[in-house]
Amino acid sequence: MDKKRPRWRDEEEDDALLERRRQEKEKKKKAKLEKKGKGINGEHIASHKPGLTKIHQEKKAAGIDLTSSGLIRFKAPHIRSCRSVENYERLNHIEEGAYGVVFRGRDMSTGEIVALKKLKVDKDQHGFPITSLREIETLMALDHPNIVHLKEIVIGGSLDQIYIVMEFVEHDLKYLMADMREPFLQSEVKTILHQLLSATAHMHDNWIIHRDLKTSNLLMNTEGMIKVADFGLARYFSDPVAPMTPLVVTLWYRAPELLLGAKHYSTEVDIWSIGCIFGELLTNKPLIEGKSEINQIMKIFELLGYPDESSWPGFRSLPNAKSIHIPKDRQPKTSLRAKFPYITSAGVDLLSRLLQFDPKKRITAQEALEHPYFKEDPKPKPPGEFPSFLSKTSEGGRRKVPSPRAPVASHGWKASNSKLLGLSDYEEAEEEEEEENKPILASPTSGLFNENDKLGPGFQLRLG
Ligand SMILES: Nc1ncnc2c1ncn2[C@@H]1O[C@H](COP(=O)(O)OP(=O)(O)OP(=O)(O)O)[C@@H](O)[C@H]1O
Ligand SMILES: [Mg+2]
């Protein structure tokens with residue numbers, strides 16, 4: 001008698017049944033693994049939120065070098081001196097932002113047209129702004145067809161003249177949309193959104209959060225290719241996340257957890273911004289145009305309803321959520337379906353997943369790329385078939401489009417740049433980002449329309 005065979009199973013059929021079950025289990029496991037490892041076109045994809053062990057496994061599988069302690073080796077460029085800006089001919093001014101002045105220029109040796117962003121370095125302060133360091137560091141680390149390509153860093157006559165040389169991209173979506181009579185077609189929205197998600201998935205896979213995704217930071221070339229730009233607020237994140245300043249992301253695109261003062265947040269803040277951009281692409285109008293932080297959160301509630309412990313567990317413990325007053329006779333929320341009657345249920349479903357209150361329930365960039373919205377008709381338009389638009393940046397004469405500014409600290413720097421640093425302070429500052437920006441939301445110039453903003457930032461949320 002077979003010793004391994006349990007006594008209660010002496011029928012031949014039992015064996016066959018067990019074997020069948022084992023095979024089914026095996027099949028399911030295989031299908032699951034395949035699903036995880038393949039992208040929309042069958043290409044291998046990395047997980048959106050890899051834990052250290054997982055990312056190690058992926059890197060090892062991809063043949064990437066790990067140190068003996070298990071740390072991942074990052075590519076580091078060779079140290080060499082920067083070339084001079086004199087190698088470029090200045091053609092025209094494109095735009096001055098909170099953080100830099102952008103010009104169109106020509107490489108005099110190759111004739112190539114480029115964009116040069118002159119970083120603002122405060123002459124009165126010593127040291128190099130941390131946001132500039134981060135912009136250079138993160139852009140150098142990213143290589144993706146939908147992320148603006150950094151060519152080199154060049155310097156002018158003095159140390160405060162530092163320029164980022166990038167590929168020149170003819171349009172930015174904000175200006176393009178301001179000149180369009182009709183919103184983009186559904187097929188065009190899909191292409192733009194898919195490219196934006198693809199760039200974002202790449203950033204997140206490389207441990208970078210952008211923290212200022214908005215239409216004016218999305219460039220589009222004449223071949224319909226989207227290029228994410230402006231990494232002035234971008235930074236590396238860790239798992240588990242370290243405390244960071246919540247005063248990031250331009251107000252209209254800012255996630256509710258940031259508005260409520262969360263210091264522990266992650267890639268999900270970019271996903272919320274993508275939801276707002278999706279809504280804007282569909283209607284050619286910003287989705288949630290608040291005038292102040294409190295007004296912004298109220299507008300979010302009007303659109304999506306009020307969160308509660310089931311839709312967003314733990315939200316009441318966020319610093320600004322403790323005492324917000326929500327009226328008893330709550331206005332019913334506008335449903336996303338009613339606001340976007342012309343898109344399919346799949347489109348509404350994707351939008352609502354991008355705009356989930358609870359960051360944990362928000363879809364990831366990688367998951368969104370696989371959403372049925374991109375597979376149903378009308379299919380995404382091939383980028384090369386986009387209509388040709390007249391480039392205002394090449395002409396040098398574009399009109400000003402009213403558009404919200406990225407959060408700025410009181411002395412005119414972007415939020416996380418409220419302290420200017422010497423290079424040696426850099427690592428310390430990374431850890432102290434939270435300290436640097438105290439008090440949260442307290443800068444008088446932190447939001448939009450600050451001059452007229454009676455309510456001001458730093459509000460409290462009281463639930464009625
Ligand atoms: N590579 C580029 N090619 C063409 N135009 C560009 C390029 N990079 C930036 N621009 C233009 O310059 C504008 C400002 O650039 P960017 O957003 O990087 O600067 P900023 O000072 O951080 O702006 P803000 O603080 O207003 O967001 C962009 O909105 C875009 O119109
Ligand atoms: Mg910008």
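Counting convention: from 1, in listed order, for ligands and their atoms alike. Side chains are part of it too, since the values below use all heavy atoms of this structure and drop only hydrogens, waters and symmetry mates.
- Among the backbone and side-chain atoms of D230, an N/O/S atom is found under 2.8 Å from the Mg ion (ligand 2).
- Heavy atoms of L219 found under 4.0 angstrom from ligand 1 belong exclusively to the side chain.
- Between F301 and Y306, the angle of the ring planes lies from 30° to 60°, which puts this pair in the tilted group.
- In terms of N/O distances under 3.5 Å, ligand 1 is not approached by D212.
- Using a non-hydrogen distance threshold of 4.0 Å, S216 registers as a contact of ligand 1.
- Residue contact check: V148 has heavy atoms under 4.0 Å from atoms 1 (N) of ligand 1.
- Taking backbone and side-chain atoms together, S216 has no N/O/S atom less than 2.8 Å away from the Mg ion (ligand 2).
- The N/O atoms of D172, backbone and side chain alike, include one that comes under 3.5 Å of an N/O atom in ligand 1.
- Assignment of G232 to the shell around ligand 1 is not supported, since no heavy atom sits closer than 4.0 Å.
- Only the side chain of K117 comes within 4.0 Å of ligand 1, judged by heavy-atom distances.
- Only the side chain of N217 comes within 4.0 Å of ligand 1, counting heavy atoms alone; its backbone N, CA, C and O stay farther away.
- For K214, the closest heavy-atom approach to ligand 1 falls below 4.0 Å.
- The N/O atoms of V169, backbone and side chain alike, include one that comes under 3.5 Å of an N/O atom in ligand 1.
- Taking the ring centre of F168 as origin, the terminal cationic atom of R104 falls inside the region bounded by 6.0 Å and 45° from the ring axis.
- Screening K190, Q186, H194 for a side-chain hydrogen bond (donor to acceptor under 3.5 Å, both in side chains) with Y373, the sole residue that qualifies is Q186.
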Exercise for the section: May I have the step-by-step check of side-chain contact (heavy atoms from CB on, under 4.5 Å) for V85 and Q161, ending in yes or no? Expected result: CA-CA 9 Å; V85 71; Q161 292 175 13; 5.6 Å; no
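- For ligand 1, the atoms closer than 4.0 angstrom to any heavy atom of E167 are 1 (N), 2 (C), 3 (N).
- In this structure, W272 and P256 have side chains that are in contact, with non-hydrogen atoms separated by less than 4.5 Å.
- The proximity of A115 to ligand 1, defined as any non-hydrogen pair under 4.0 Å, is limited to the side chain.
- A side-chain N or O of H371 and one of D349 form a donor-acceptor pair less than 3.5 Å apart.
- No side-chain donor-acceptor contact under 3.5 Å links E167 to the backbone of V114.
- Considering both main-chain and side-chain atoms, D230 comes within under 3.5 Å of ligand 1 through a nitrogen or oxygen pair.
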Exercise for the section: Report the C-alpha separation of K381 and T191 in whole Å, then their side-chain angles, then the decisive distance to 0.1 Å, and conclude whether the side-chain hydrogen bond (donor to acceptor under 3.5 Å, both in side chains) test is met. Expected result: CA-CA 6 Å; K381 183 184 258 188; T191 307; over 6 Å; no
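- Within the listing of ligand 1, atoms 3 (N), 4 (C) sit less than 4.0 angstrom from a heavy atom of F168.
- No donor-acceptor pair closer than 3.5 Å links the side chain of D107 to the backbone N or O of Y88.
- Looking only at atom types and distance, the side chain of N221 has no donor-acceptor partner in the side chain of H171 under 3.5 Å away.
- Side chain to side chain, N87 and S109 fail the donor-acceptor criterion of an N or O pair below 3.5 Å.
- Ligand 1 has an N or O atom lying under 3.5 Å from an N or O atom of G100, backbone or side chain.
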